[in-house]
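Quick note: residue numbers are just sequence positions, from 1. Order of appearance sets the numbers: ligands from 1, and atoms from 1 within every ligand.
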Amino acid sequence: MSLVSSIDTAEASYIETIKQSGGLPFRVSSYFASLAKPDKTDPIRRQFLPHPAEDLPDPFALSDPLGEALYQAVPRLIHQYQDRVLLLAGGTCAGYCRYCFRRLWINQPKGFISPGERIPVLAYLKAHPEIREILISGGDPLMAEDGLLAELFKALRDTRPGMLLRLCTRVPITNPSRLTPETIRLLRTYRPLRMVIQSNHPRELAEPAQEVLTACVDQGIPVHVQTVLLRGINDDAEILATFFRECLDLGLSPYYLFQLDLAPGTAHFRVPLKTGLTLYQELKNRISGLGLPVYAVDLPGGGGKIPLHGGVIAGEREEPGGTVYLLQGPDGKLWPYPADKNQPE
Ligand SMILES: *Cc1c(COP(=O)(O)O)cnc(C)c1O
């Protein structure tokens, strides 16, 4: 049963409303739609099927939730952190996640980066040797054919031979057959290259996705996983634990668990911050450190990414040996650790 054939008339009419209003289009690959169950609470269905809750007013919504416009170095290139840049290479995705924070970008009629658009990007990379890594994102870069990808990778490599390429993509999850053995070989050619996928729920790690992701890892392409914490989808410690354990078993490295960005039309997916922190603590108590992502938020309006679970120093007190900090353990209890001023010279 595919997601598309389970759409009822109210849902169909909302999809039509979006078409008229020019909102983020409804789109899901036929492969991914086939993974969804017709049940309205299905985690795949919920991530892709438009819902009227997207029209609820949200006083906190920001059209550019990460403040990317502030850091645009040249068109399509965002330079926010000293040693790495983000390239908006792709203009489309295999499916549109309803919680997308780059929905404005997606709604512009931009295709894959053209040779003309590459020129200022390459010039900027050449002029900024402090940049050691480029995130190739979009839209999904793997929507481009191998020939176009190879042209981009080659241009980047020729300009900056040692620079780490970080391919940011959801295609291995939403349309795994796109990663043919030739594509994986192509990625191999341009190492150092790492892949960062976005995936949120154990159900997304179906057999075809598992196959291509393990093939990447086997071929020497490390794969990292970014997950978005989503209400009604994965806001459950056991679901998250199952998901990250499966990632580990497949050789994928959990990287970030993101608190939702403040994109318009996404508030119904938001897990309250304190609920998120509690969930994260439960998750931490359940799984291996190797499987634990960093729970982080991109500060609204351009403040950058910060981990949310810092602040372990809960207080300090005097002990016979001197001052100690009180560190919060997984059980919530406070444990003493010598304060800085006790450090012997
Ligand atoms: C997230 C992000 C990066 C990468 O940050 P990491 O913490 O290294 O994953 C780089 N540039 C921009 C603009 C980003 O949003």
- Message: Suppose we call two aromatic rings close when their centres sit under 6.0 Å apart. Are His224 and Tyr256 close by that rule?
- Response: no
- Message: Test of understanding: given a 4.0 Å heavy-atom threshold, classify the contact between Val85 and ligand 1 as side chain, backbone, both, or neither.
- Response: neither
- Indicate whether any N or O donor in one side chain lies under 3.5 Å from an N or O acceptor in the other, for Asp55 and Tyr14. yes
- Short N/O distance, under 3.5 Å, between Glu68 and ligand 1? no
- Heteroatom distance test (Tyr81, ligand 1): nitrogen or oxygen, under 3.5 angstrom: no
- Query: Given side chains that start at C-beta, do those of Leu257 and Tyr280 come closer than 4.5 Å, heavy atoms only?
  - Reply: yes
- Do Tyr96 and Phe26 have ring centres separated by under 6.0 Å? no
- Taking both backbone and side-chain atoms of Gln226, is any N or O found less than 3.5 Å from an N or O belonging to ligand 1? no
- Note on the structure: Closest non-hydrogen atoms of Leu122 and Ala155, given as atom of the first, atom of the second and distance, are CD2-O, 3.7 Å
- Examine the proximity of ligand 1 to Arg166 and report which part, side chain or backbone, both or neither, has a heavy atom under 4.0 Å away. side chain
- Item | Numbered atoms and elements of ligand 1 in range of Tyr256, under 4.0 angstrom, heavy atoms | 6 (P), 7 (O), 9 (O)
- Can you tell me if Thr183 and Arg178 form a side-chain donor-acceptor pair at under 3.5 Å? yes
- Query: So which protein heavy atom does atom 8 (O) of ligand 1 come closest to, and at what separation?
  - Reply: Arg84 NE, 2.6 Å
- Tyr255 touching ligand 1 at heavy-atom level, < 4.0 angstrom: yes
- Tyr337 atom OH, over 12 foreign heavy atoms within 6.0 Å: no
- Contact check: Gln80 vs ligand 1, nitrogen or oxygen atoms, below 3.5 angstrom: no
- Distance filter under 4.0 Å to Ile78 heavy atoms, resulting ligand 1 atoms: 13 (C)
- Message: Hydrogens and angles aside, do Gln72 and Glu68 bring a side-chain donor and acceptor to less than 3.5 Å of each other?
- Response: no
- Task: Mind checking whether Lys305 contacts ligand 1 via backbone (N, CA, C, O), side chain (CB onward), both or neither, at a 4.0 Å heavy-atom cut-off?
- Result: side chain
